[in-house]
Enquirer: 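Encoded as structure tokens, here's the structure I'll be asking about.
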Amino acid sequence: MLPIPSQLAAAAPGQMDPEMAAMAMNGHWPLPSLPQSSQPSVSAATSTTAHVVASVADSVSTASIMASVAPAPPLLQTSVSSTPSSQSTPNPLSVSGNLISTITSSATSGSITAGTSAAAVAAASAPSIGISAPASTPIPASAASIPIGIKPPAQSPAPGTQAAAKRREIYRFESTKPLFAAAWSYKSSKKFRLAVGTIEQEVMPNKVSVIQLDENTEELVEKASFEHQFAANCIGFIPDKNDQYPDLLATSADCLRIWRLGNDNSVVLDAMLSNVSSRSGNFASPLTNFDWNEMDPSLIGTCSIDTTCTIWELRTGKAIGTTTVDRGGTTGTVKTQLIAHDKPVHDIKFSKLANGRDHFATVGADGSARMFDLRNLQHSTIVYEDPNHAPLMRLAWNKQDSHFLATFAQDSSEVVIIDIRLPCNPIAKLNNHRLCVNGVAWAPHSTSHICTAGDDHQALIWDLRTMQQRNVEDPILAYQAGGEVNQVHWSSSHTDWISICFNNCLEILRV
């Protein structure tokens, strides 16, 4: 089951209210009546300053962003670009009909074996399921060979040899404590670098580790670490592929923290941005998630249990295009804060629609998914509501076509695919998981591939090009992990690698 880490904090102004935090852990959030205004505040490490720019109340409507969106095409389209990996390119796994390749890992050797499940064989004779491309839009021949699937080596090379290292499909990092939040680095100069945080409710402080694949030992090793009082429920590197910005890392828990990573693997707290509003009195409401805008890295959106979302505008203290070495400090300014849902907000994600800067979506405990436009926050658009009004936990945008998003409800084994041009009418449901889903991630290089993970120890990859009906039961790839998978992330820099967290382990898998 997907947790929302929000442990108790000291009862002091500007910090988390103990009573509210305790209720957050139990899933209850009694809130005062809607205020006339909210006043977020910022506390900064070193020279950090911030102030309120705007405060906006939300008035839900069903017509705002949709007016500016192009009409819906009848079917999903496929657009794939190939991104080379630093590892040797594996042959794609051949998939026929509903055949599922089940991948299992060896904890001791890191090797993998492939086999075919009995259920998959039985289903192979059945007609394939999925949305077929229209006759006027044939699928390119290149799309048939998308590198989705793990192919094991034909022979087992001698351990420690160069051939063995190149053919490894799984790398594992093990911690002494349970792991939860994780993220891939975007920077091209930091290959195969991730950050991962521990989650312990009883023993504090927790820890965040920055790990990287060592090219000599072919192991994931810890390069840096720092204490994190409360378990981080979300971690993210600055989306900077071209090394234009400082090396920053953000974490969320009781507040949003911005960390600066040095070339010597040092870590310095640059800013601490607290979500204080009149809805929560003088206490900072715990955050449930955040998202860093990929098109404009100066923007970060956070969501909280107090029903609000806050868009922060960061200033890194570094002028792009100069050669002056000046550390400076990161400052955060509240660009706007709005009441997004009737109940706690569980996730927020920026969309690449239009200029990729102004649109974002949220999901919350009221069971709805909503879209907002920073240029007009007087209205929001409900794009989906759970039929049973169950809380929606996470959402993810299609990286190549931002008309599509995926979400899932609390304790649900089903992932819903939505076309925002057809609000409240899911175009597909992915329901092969046997227990509740905890994470979802779209492929950064494909419009049609998505990965889901859950309590059934499985990470599943689906191909949406072949869907013909809304209930989809068979993925094209299944990976069996060694425990309940609580998060999954698809690397945007190494597009044939995903990461998962379970128990005390983080694994990166070649797909």
Side-chain angles (χ1 to χ4, degrees), residues 1-4 27 60 62 65-66 69 72 76 233-234 288-291 301-303 305 307 309 340-353 359-372 380-433 435-443 447-455 459-462 464 467 470-472 475 485-490:
M1 178 177 177
L2 185 67
I4 304 177
V60 177
T62 56
I65 302 171
M66 314 313 296
V69 179
L76 287 174
N233 50 28
C234 186
T288 54
N289 225 314
F290 74 87
D291 188 42
T302 62
C303 51
I305 68 169
T307 77
C309 288
H341 287 257
D342 300 325
K343 293 181 179 180
V345 189
H346 289 160
D347 201 3
I348 179 172
K349 289 291 185 294
F350 284 101
S351 168
K352 291 185 179 179
L353 280 174
H359 297 92
F360 64 93
T362 61
V363 293
D366 58 4
S368 68
R370 309 187 184 200
M371 279 198 68
F372 297 86
S380 68
T381 302
I382 298 178
V383 295
Y384 176 70
E385 287 186 297
D386 185 81
N388 300 317
H389 303 289
L392 297 181
M393 302 304 294
R394 295 288 181 263
L395 71 95
W397 285 104
N398 187 309
K399 299 295 185 180
Q400 294 293 322
D401 188 343
S402 288
H403 294 118
F404 300 98
L405 64 84
T407 186
F408 57 89
Q410 186 176 31
D411 298 331
S412 172
S413 61
E414 186 175 76
V415 174
V416 177
I417 308 297
I418 302 161
D419 186 337
I420 61 173
R421 296 162 295 190
L422 302 171
C424 300
N425 292 292
I427 63 170
K429 295 180 180 180
L430 314 179
N431 51 17
N432 189 262
H433 284 282
L435 296 174
C436 66
V437 176
N438 293 328
V440 58
W442 290 86
T447 60
S448 58
H449 293 95
I450 188 172
C451 183
T452 61
D455 275 3
L460 307 177
I461 292 181
W462 311 76
L464 304 188
M467 291 188 305
R470 297 191 177 189
N471 293 324
V472 181
V485 184
N486 50 51
Q487 285 206 4
V488 59
H489 299 280
W490 207 314

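Start at 1 with the first residue, then count along the sequence.
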Enquirer: Taking atom OG of Ser412 and atom CE of Met393, what is their separation to the nearest 0.5 Å?
Expert: 11.5 Å

Enquirer: Can Asp347 and Thr362 be said to form a side chain to side chain contact (heavy atoms under 4.5 Å, CB included), step by step?
Expert: CA-CA 6 Å; Asp347 201 3; Thr362 61; over 6 Å; no

Enquirer: Check for a donor-acceptor pair, side chain of Thr407 on one end and backbone N or O of Arg394 on the other, with a separation under 3.5 Å.
Expert: yes

Enquirer: Within the side chain of Asp366, is there an N or O that forms a donor-acceptor pair under 3.5 Å with the backbone of Asp342?
Expert: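 At least one qualifying donor-acceptor pair exists.
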
Enquirer: If every non-hydrogen atom of Leu392 is compared with every non-hydrogen atom of Ala369, which pair is closest and at what distance?
Expert: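 Distance-wise, the nearest heavy atoms are CD1-N, 3.8 Å.
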
Enquirer: Quick one: list whatever passes side chain to side chain donor-acceptor pair (under 3.5 Å) with Ser351, sequence neighbours left out.
Expert: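 Partners of Ser351 by the side chain to side chain donor-acceptor pair (under 3.5 Å) criterion come out as none, since no residue qualifies.
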
Enquirer: Can you confirm whether Phe408 sits close enough to Val440 that some side-chain heavy atom of one is under 4.5 Å from a side-chain heavy atom of the other?
Expert: yes

Enquirer: Which heavy atom of Gly439 sits nearest to which heavy atom of Val488, and what is that distance?
Expert: C-CG1, 3.6 Å

Enquirer: Please walk me through it: do Val363 and Val345 pass side chain to side chain contact (heavy atoms under 4.5 Å, CB included)?
Expert: CA-CA 6 Å; Val363 293; Val345 189; over 6 Å; no

Enquirer: Looking at Asn388 and Ala390, would you say the former's side chain and the latter's main chain have a donor-acceptor pair under 3.5 Å?
Expert: no

Enquirer: Regarding Arg370 and the six-membered ring of Phe360, is the cationic atom NZ or CZ under 6.0 Å from the ring centre and inside 45° of its axis?
Expert: no

Enquirer: Over all heavy atoms of both residues, which pair between Trp490 and Ile450 is shortest? Give the atoms and the distance, please.
Expert: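 Closest approach of Trp490 to Ile450, heavy atoms only: CZ3-C, 4.2 Å.
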
Enquirer: What distance separates Trp397 CH2 from Phe350 CZ, expressed to the nearest 0.5 Å?
Expert: 12.0 Å

Enquirer: Taking the side chain as everything from C-beta on, heavy atoms only, tell me whether Pro423 gets closer than 4.5 Å to Tyr384.
Expert: no

Enquirer: So how far is it from Lys343 NZ to Thr307 OG1, rounded to the nearest 0.5 Å?
Expert: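 Rounded to the nearest 0.5 Å, the NZ-OG1 separation comes out at 12.0 Å.
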
Enquirer: For Cys436 and Ser413: C-alpha separation, side-chain torsions, deciding distance, then whether side chain to side chain contact (heavy atoms under 4.5 Å, CB included) applies.
Expert: CA-CA 4 Å; Cys436 66; Ser413 61; 5.8 Å; no

Enquirer: Check Trp442 against Ala396 and note the closest heavy-atom contact, atom names and distance.
Expert: NE1-O, 3.1 Å

Enquirer: Heavy atoms, side chains only, cut-off 4.5 Å: are His346 and Cys303 in contact?
Expert: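 Result no, sub-4.5 Å side-chain heavy-atom pair not found.
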
Enquirer: When you measure from the side chain of Asn398 to the backbone N and O of Thr447, does any donor-acceptor pair fall under 3.5 Å?
Expert: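 Checking the backbone N and O of Thr447 against the side chain of Asn398, a donor-acceptor pair under 3.5 Å is found.
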
Enquirer: Could you give me the CA-CA distance, side-chain angles and deciding distance for Ile427 and Phe404, then say whether side chain to side chain contact (heavy atoms under 4.5 Å, CB included) is met?
Expert: CA-CA 9 Å; Ile427 63 170; Phe404 300 98; 3.5 Å; yes

Enquirer: Provide the closest heavy-atom pair for Val383 versus Ile418 in the form atom of the first, atom of the second, distance.
Expert: O-CG2, 3.8 Å

Enquirer: Taking all non-hydrogen atoms of both residues into account, name the closest pair between His489 and Ala441 and its distance.
Expert: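 Nearest pair, atom of His489 first, then Ala441: CA-CB, 4.3 Å.
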
Enquirer: Mind checking what makes side chain to side chain contact (heavy atoms under 4.5 Å, CB included) contact with Cys234, not counting sequence neighbours?
Expert: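 By the side chain to side chain contact (heavy atoms under 4.5 Å, CB included) rule, Cys234 matches Ser252, Asn289, Phe290.
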
Enquirer: Between CD1 of Ile420 and CD1 of Ile382, what distance do you get to the nearest 0.5 Å?
Expert: 14.5 Å

Enquirer: Would you mind reporting whether Thr302 and Ile348 have side-chain heavy atoms less than 4.5 Å apart?
Expert: no

Enquirer: What is the distance from atom CG of Asp419 to atom SG of Cys424, rounded to the nearest 0.5 Å?
Expert: 12.0 Å

Enquirer: OG1/Thr288 to CD1/Ile305 distance, rounded to the nearest 0.5 angstrom?
Expert: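 Output value for this atom pair is 8.5 Å.
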
